[in-house]
Amino acid sequence: MSGFIAYQEIFDVLTNSISEGVLVVDEDQSVLAVNNTLLNIFGYNKEEVEGKDFELLIPEVKRKEHRQHFKGFLQDHSLRRMASGRVLYGRHKQGHLIPLEVGLTPVKTDESFFIVGLVLDVTHKYEKERSIEKLNQELETMVQQRTRQLNDSIENLTRECEKREVAENKVREALRREKELNAIKTSFMQMVSHEFKTPLSGILTSAMLIEKYKETDQQERRIKHLESIKRKVQHLDALLNDFLAVERLGSGRENYRYSEFWLSELLQEVTEESKHLLKAGQHLEVNLPDEKVHMFQDKVVLNLILSNVLNNAIKYSNSKGDILLNVERLNDQGLLKIQVADKGVGIPQEEQQYIFSRYFRASNVQNLKGTGIGLNMARKHLHNLGGHIFFNSREGEGTVFTIMIPEALQQ
């Protein structure tokens with residue numbers, strides 16, 4: 001221990017300013033030194049730890065296993081990095097377990113050999129992960145319940161049908177719906193994991209960094225991370241609002257507010273908002289009818305529909321892909337034909353039948369943010385407003401979405 005004591009003051013200065021716990025032990029597992037962060041993690045004071053056996057900090061059921069690992073480490077003398085994938089558990093002074101990530105570094109001097117450990121308390125991280133896991137389990141339970149209901153329906157239909165052909169058709173339909181439900185479940189779980197876990201991880205990181213900035217002259221850094229947390233919380237709030245909007249639409253509780261307006265005003269609002277999303281090198285071309293078009297529709301909902309389709313075209317096109325918004329008036333039918341064309345990634349042929357399904361996202365855009373809600377909402381709104389939407393697409397070449405909408409509903 002004498003080889004370390006000479007550096008005690010330097011150790012205190014260096015380690016008490018960092019957010020990780022620092023622990024130094026000798027080859028007999030005797031604790032040589034600790035920093036304040038480590039003491040806070042385990043709930044001890046310095047006199048209760050220094051000079052004591054390191055096993056004080058290890059759960060009793062793990063101590064035998066720990067001794068074997070410690071002997072192996074002394075023989076190997078290799079560096080083991082923090083967060084290498086293995087989660088350990090420490091024992092708090094009060095007796096409860098603490099999830100930890102630990103990095104070990106062997107240090108050898110002329111006089112002695114000792115080990116330096118960096119200890120990170122990951123309790124908050126695992127609480128967030130358990131929250132996501134709980135949500136996934138609840139979704140799995142819902143899907144299993146729905147599957148059982150479908151199977152029960154299939155059995156009842158089979159027994160009740162007087163003709164075998166009718167029964168077989170209903171069985172096929174039930175199985176098709178079950179497959180679609182499983183596909184929705186998988187897509188939704190992937191979306192939740194990505195869309196929720198990413199901002200939650202960012203919030204946790206910013207919160208941990210804020211703890212480091214305690215001085216008055218570091219206020220600007222604190223504000224920066226607080227703003228980051230605020231943006232991510234707003235993003236999560238917007239996601240939840242989308243889910244609630246889908247639920248209202250599906251239950252028929254959506255109320256429409258019709259008003260008179262000019263088509264040019266609507267398209268100007270949509271394009272001005274979308275231009276802010278254009279990537280460097282992208283260009284938006286807009287072709288409008290020569291004559292002024294007067295409409296009687298729900299302007300807010302039409303803005304939502306057009307913005308969704310146009311923003312998708314921008315999102316799924318590369319930086320050199322131009323976007324075309326073309327509007328044509330079909331005078332003899334009282335309809336508007338609105339087309340949004342891009343030269344983006346396109347939609348795989350085998351997945352095109354699912355593109356309007358709730359929470360579905362094509363396999364070639366999984367690396368981009370999205371919930372799979374927008375097109376589903378757009379089609380349902382258009383149906384309620386007397387219109388419809390369809391598309392043509394080739395993977396790797398681009399997509400054209402076509403919207404047909406009446407200029408005015410009957411008052």
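All residue numbers refer to positions in the sequence shown, counting from 1. Side chains included, hydrogens not; waters and symmetry mates left out as well; all remaining heavy atoms used.
Not a single donor-acceptor pair under 3.5 Å links the side chain of Lys343 to the backbone N or O of Asn318. Remark: side-chain polar atoms of Lys275 are not paired, donor with acceptor, to backbone N or O of Leu284 under 3.5 angstrom. With hydrogens and angles disregarded, no donor-acceptor distance shorter than 3.5 Å links the side chain of Thr105 to the backbone of Ile115. Between the side chain of Asn376 and the backbone N or O of Phe356, at least one donor-acceptor pair lies under 3.5 Å. Asp298 contributes a side-chain N or O that, together with a main-chain N or O of Arg257, makes up a donor-acceptor pair within less than 3.5 Å. Under a 3.5 Å cut-off, the side chain of Thr271 and the backbone N or O of Gln268 do form a donor-acceptor pair. In terms of modelled atom types and a separation under 3.5 Å, the side chain of Ser259 and the main chain of Lys299 share no donor-acceptor contact. The closest donor-acceptor contact from the side chain of Thr141 to the backbone of Gln137 lies under 3.5 Å.
Looking at Arg130 and Glu133, no side-chain N of the basic residue comes within less than 4.0 Å of a carboxylate O on the acidic one, giving no salt bridge.
Counting only N and O atoms by type, the side chains of Tyr316 and Asp342 include no donor and acceptor under 3.5 Å apart. Side-chain polar atoms of Asn303 and Ser307 form a donor-acceptor pair below 3.5 angstrom.
In this structure the side chain of Ser19 never reaches within 4.5 angstrom of the side chain of Thr37, judged on heavy atoms. Looking only at side-chain heavy atoms (C-beta outward), Gln297 and Leu266 stay at 4.5 Å or farther from each other.
The heavy-atom pair separating Asn311 from Ser274 by the smallest distance is OD1-OG, 2.8 Å.
The local environment of NE2 in His294 is crowded, with over 12 non-hydrogen atoms from other residues, nucleotides or ligands closer than 6.0 Å. For His124, the NE2 atom counts as loosely surrounded, since its 6.0 Å shell holds 12 or fewer non-hydrogen atoms of other residues, nucleotides or ligands. Sparse packing is recorded around CZ of Arg394, with 12 or fewer heavy atoms of other residues, nucleotides or ligands lying under 6.0 Å away.
One distance of note links CG of Asn45 with CG of Asn40; it measures 11.0 Å at 0.5 Å rounding.
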